Amino acid sequence: MTWQDSYTKWKQYNQLEVSLASELAKIESDTSLLEESFYKHLEFGTGGMRGEIGPGTNRMNIYTVRKAAEGLARYIEQNGEEAKNRGVAIAYDSRFKSPEFAMETARTLGAHGIQTYVFESLRTTPELSFAVRYLHAYSGVVITASHNPKEYNGFKVYGPDGAQISSSIADEIIAHVYEVDNELTVAVEDAEKLKADGKLVMIGDTVDQAYLRNLQTITVNPDMIKEGADDFRIVYTPLHGTGNVPVRKGLEAIGFSNVEVVKEQVLPDSNFSTVTSPNPEEHAAFALAIEYGMKYNGDILLGTDPDTDRVGVAAKNAQGQYEVLTGNQVGALLLHYLITQKQNHPTSTVLKTIVTSEMGRDIAAAHGLETIDTLTGFKYIGAWINAFHEQKDRQFLFGYEESYGYLIGDFVRDKDAVQSCLLIAEVAAYYKSKTMSLYEGLTSLYEQYGYYREDLVSLTLKGKAGVEQIGAILTDFRTNPMKEIAGKQVVAIEDYQSSKILNVKLNEYEEITLPKSNVIKYKLDNGAWFCLRPSGTEPKIKFYFGVKEETMEASKKALEEMKENVMDRVEALVGVEA
């Protein structure tokens, strides 16, 4: 079926939802936009799907959501009555259409006789992960596009362990999704009938309180918090998302009551009207929080993304100015604190992704602990935690990724910014008790373990042409590999698609044991590395860089030289400057 056929099918469907019919009429004269909306079906990937909101098969709307939910329903049905009765927990964030998409999911599942539990109002992604485990549900769905721009929404699926679904389960669900011939005619049940029959249960406070009780278990040194909390000032912004209530309640529960919230950003707002992007990875998102920090003399600034699975942190540097820390830096601080201030078992294990700084591995190794690398995505960290519990050979200590995602307590099986806010506050309070700022604490780690420096460059390439350009970049770095970068020799090339590591000097290959993924990682003879990875949720290709030198100045210089070499080559390939 061509995109024109798909468009005609939608246009002629006389029961098309009114607002979508109106939006479709507005764009019917724009052929390129119509093609973009209909040229493919919105892809259901390994964790779910994400896309721009609007009419069309390649957009997030009630029909594409029903199609995804129908695939999930068929998967649950094939696993029997117990799976159907355990049911699905459903949460949603503050984005456009999130409540509607959550209810359409429940109505689609309900048409198959599957039990659903829907939060009565917006909740965080980590609480959805917790709810799946707490309710002993068979699956979970959260309607969110995480930190994407306001035009996006998404449908993310969780397994019975509360982690994002494994690749094998995703493949089964995807197969069922693709069995749906016509997204416009997926059957749904009336929500009020489902409620009357007990098949749709609204949930809220009971789960909230259970989650809050578990949050309090991650505190390492409550006495230290009690002694210093009155003099410790936190500025917090939920960036118009779901974090306001759980983060504030969590901080208060462990003793941090001196919290100033950025009032302009405290309420949920689908437009994210005070920021260009609600992404705490982008320093501009902290502009208002920094103003508050200067006014209230905040010891730390915290900012969470719309679904509160990621958190950014800012602390005062030696010049008294707030500096936004990277995810790698925050991860190193949290890990070092957990290792040095907590009683850990010899089998305690750290989990991080292949694009996360090597500083964490060095910190863990210095204390005799193992670090395991995973592919990018917290689903892989969740899978390892589950394996630890089943095999009982290791204990989970900490999991993190460079993109501002951390997990401390495994009562949640996805990154959890609420947990992270609590531990970040504790770590900063600990350093203050030593008359040090959090930034000075980070500096002390550099002095001890070496000056690590990392960066990320994202290149946005939209549409069909962008997909082709991203493919061309990856192909070129595979078939015509760089041999030298900024005067340093390439010693190894890890290709996660072919599952091969090339030892350049010996011209020999060894196997990669991780799942296949369209990722390439180069390693240099001075320990530096860079990695290419297409985004799974946005029209981007990402370039990750990492170095370690004896001084911060040397690290900055080495990092910039490597970035310049690599990105010059990319620009020559596609004619686009990052």
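In this text, all values refer to a predicted model and were calculated from it rather than measured experimentally.
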* Structure fact -> Nearest heavy-atom approach of Thr349 to Arg394 is OG1-CD, 3.2 Å
* Asked: If you look only at pairs with a residue in residues 108-118, which of them pass as a salt bridge (charged side-chain N to carboxylate O under 4.0 Å, His left out), with sequence neighbours excluded?
  -> none
* To do: Would you tell me whether Asp414 and Gln164 have side-chain atoms, one donor and one acceptor, within less than 3.5 Å of each other?
  => yes
* State which residues pass side-chain contact (heavy atoms from CB on, under 4.5 Å) with Leu122; sequence neighbours excluded, sorted by chain then number. => Tyr92, Ser94, Thr242, Pro268
* Listed partners of Glu390 passing side-chain contact (heavy atoms from CB on, under 4.5 Å), at least two apart -> Asn386
* To do: Report yes if the side chains of Arg361 and Asp373 come closer than 4.5 Å at any heavy-atom pair, otherwise no.
  => yes
* Asked: If you draw a 6.0 Å radius around NZ in Lys342, do more than 12 non-hydrogen atoms from other residues or ligands fall strictly inside?
  -> yes
* To do: Could you walk me through whether Thr57 and Lys40 pass the side-chain contact (heavy atoms from CB on, under 4.5 Å) test, one step at a time?
  => CA-CA 6 Å; Thr57 58; Lys40 66 175 183 175; 6.0 Å; no
* **Criterion side-chain contact (heavy atoms from CB on, under 4.5 Å) on Leu302 and Val313, from CA distance to verdict** => CA-CA 5 Å; Leu302 301 171; Val313 184; 4.1 Å; yes
* Would a 4.5 Å heavy-atom cut-off, applied to side chains only, mark Phe378 and Thr353 as touching? -> no
* Does a donor on one side chain and an acceptor on the other come within less than 3.5 Å for Ser98 and Asn153? -> yes
* Is a side-chain donor or acceptor of His345 paired with a backbone partner of Thr347 at a separation under 3.5 angstrom? -> yes
* For Thr108, which residues count as a side-chain contact (heavy atoms from CB on, under 4.5 Å) partner, sequence neighbours excluded? -> Arg66, Ala69, Glu70, Val186, Val188
* Could you walk me through whether Val220 and Leu338 pass the side-chain contact (heavy atoms from CB on, under 4.5 Å) test, one step at a time? => CA-CA 8 Å; Val220 177; Leu338 287 170; 4.0 Å; yes
* Asked: Around Glu120, counting heavy atoms of other residues, nucleotides and ligands shown, do more than 12 lie under 6.0 Å from its CD?
  -> yes
* Which atom names give the shortest non-hydrogen contact between Tyr404 and Gly327, and what distance separates them? -> CE1-N, 3.4 Å
* Kindly give the heavy-atom pair with the smallest separation between Gly303 and Pro280, and that separation in Å. => O-CB, 3.4 Å
* To do: Indicate yes or no: at least one non-hydrogen side-chain atom of Leu251 is less than 4.5 angstrom from one of Leu422.
  => yes
* Would you mind reporting whether Met224 and Gln341 have side-chain heavy atoms less than 4.5 Å apart? => no
* Asked: Are any non-hydrogen side-chain atoms of Thr64 and Phe155 less than 4.5 angstrom apart?
  -> no
* **Listed once per pair and sorted, the ring pair (Phe, Tyr, Trp, His ring centres under 6.0 Å) pairs that draw on residues 60-80, sequence neighbours left out** => Trp10-Tyr63
* Structure fact -> Taking every heavy atom of Leu128 against every heavy atom of Tyr158, the minimum-distance pair comes out as CD1-CD1, 3.6 Å
* To do: Quick one: pull up OG in Ser139 and CG in Leu109 and give me the separation to the nearest 0.5 Å.
  => 8.0 Å
* Arg74 bridged to Glu77 by N-O distance under 4.0 Å -> no
* Asked: Say you draw a straight line from CG of Leu375 to CD1 of Ile381; how long is it, rounded to the nearest 0.5 Å?
  -> 10.5 Å
* For Lys97 and Ser19, work out which heavy atoms get closest and say how close. => NZ-OG, 3.9 Å
* Compare all side-chain heavy atoms of Val157 with those of Ile169 and state whether any distance is below 4.5 angstrom. => no
* Using atom types as modelled and distance alone, determine if a side-chain donor or acceptor of Tyr292 lies under 3.5 Å from a backbone N or O of Leu301. => no
* Structure fact -> dist Leu407:CG -> Leu423:CG (nearest 0.5 Å) comes out at 11.0 Å
* With a 4.5 Å heavy-atom cut-off, do Tyr138 and Glu82 have their side chains touching? -> no
* Between atom CZ of Phe101 and atom CG of Asp93, what is the distance when rounded to the nearest 0.5 Å? -> 11.0 Å
* Structure fact -> Heavy-atom nearest pair, Arg86 first then Ala137, reads NH2-O, 3.3 Å
* Asked: Within the distance-only criterion (no hydrogens, no angle test), does the side chain of Asn61 pair as donor or acceptor with the backbone N or O of Gly56 below 3.5 angstrom?
  -> yes
* Sidechain-backbone polar pair: Glu23 side chain, Gly54 backbone, donor-acceptor under 3.5 Å -> no
* To do: List for me each residue that meets side-chain hydrogen bond (donor to acceptor under 3.5 Å, both in side chains) alongside His176, sequence neighbours excluded, and say none if there are none.
  => Gln78, Glu179
* So how far is it from Ile300 CD1 to Cys421 SG, rounded to the nearest 0.5 Å? -> 8.0 Å
* Polar contact flag, side-chain donor to acceptor under 3.5 angstrom, Asp305-Ser146 -> yes
* Give the C-alpha distance, both sets of side-chain angles, the deciding distance and a yes or no for side-chain contact (heavy atoms from CB on, under 4.5 Å) between Val519 and Thr376. => CA-CA 9 Å; Val519 178; Thr376 305; 5.7 Å; no
* **Where at least one partner belongs to residues 245-255, residue pairs that pass salt bridge (charged side-chain N to carboxylate O under 4.0 Å, His left out), sequence neighbours excluded** => none
* Apply the test salt bridge (Lys or Arg N to Asp or Glu O under 4.0 Å) to residues Arg310 and Glu281: give CA-CA distance (whole Å), side-chain angles for both, the deciding distance (0.1 Å), then the verdict. => CA-CA 9 Å; Arg310 301 169 191 254; Glu281 292 182 71; 3.4 Å; yes
* Test item: side-chain donor near acceptor, Glu264 and Thr274, under 3.5 Å -> no
* Asked: Please, which pairs that meet ring pair (Phe, Tyr, Trp, His ring centres under 6.0 Å) have at least one residue in residues 384-403, sequence neighbours excluded?
  -> Trp384-Phe388, Phe398-Tyr400
* To do: Give a yes or no answer on whether the side chain of Glu426 reaches the backbone of Asn221 with a donor-acceptor pair at less than 3.5 Å.
  => yes
* Is there side-chain contact between Val201 and Gln115, with heavy atoms separated by less than 4.5 Å? -> yes
* Which salt bridge (charged side-chain N to carboxylate O under 4.0 Å, His left out) pairs, counting each pair once, include a residue from residues 105-115, with sequence neighbours left out? -> Glu104-Arg107
* Asked: In this structure, are over 12 heavy atoms from other groups packed under 6.0 Å from Gln216 atom CD?
  -> yes
* Structure fact -> dist Glu402:CD -> Thr326:OG1 (nearest 0.5 Å) comes out at 9.0 Å
* How would you list, by chain and number, every residue that makes a side-chain contact (heavy atoms from CB on, under 4.5 Å) with Ser458, sequence neighbours excluded? -> Leu456, Lys540, Lys542
* CG of Asp230: more than 12 outside heavy atoms within 6.0 angstrom? -> no
* Kindly state each residue pair satisfying salt bridge (charged side-chain N to carboxylate O under 4.0 Å, His left out) with at least one member in residues 129-147, sequence neighbours excluded. => none
* **Where at least one partner belongs to residues 232-253, residue pairs that pass ring pair (Phe, Tyr, Trp, His ring centres under 6.0 Å), sequence neighbours excluded** => Phe232-Phe256
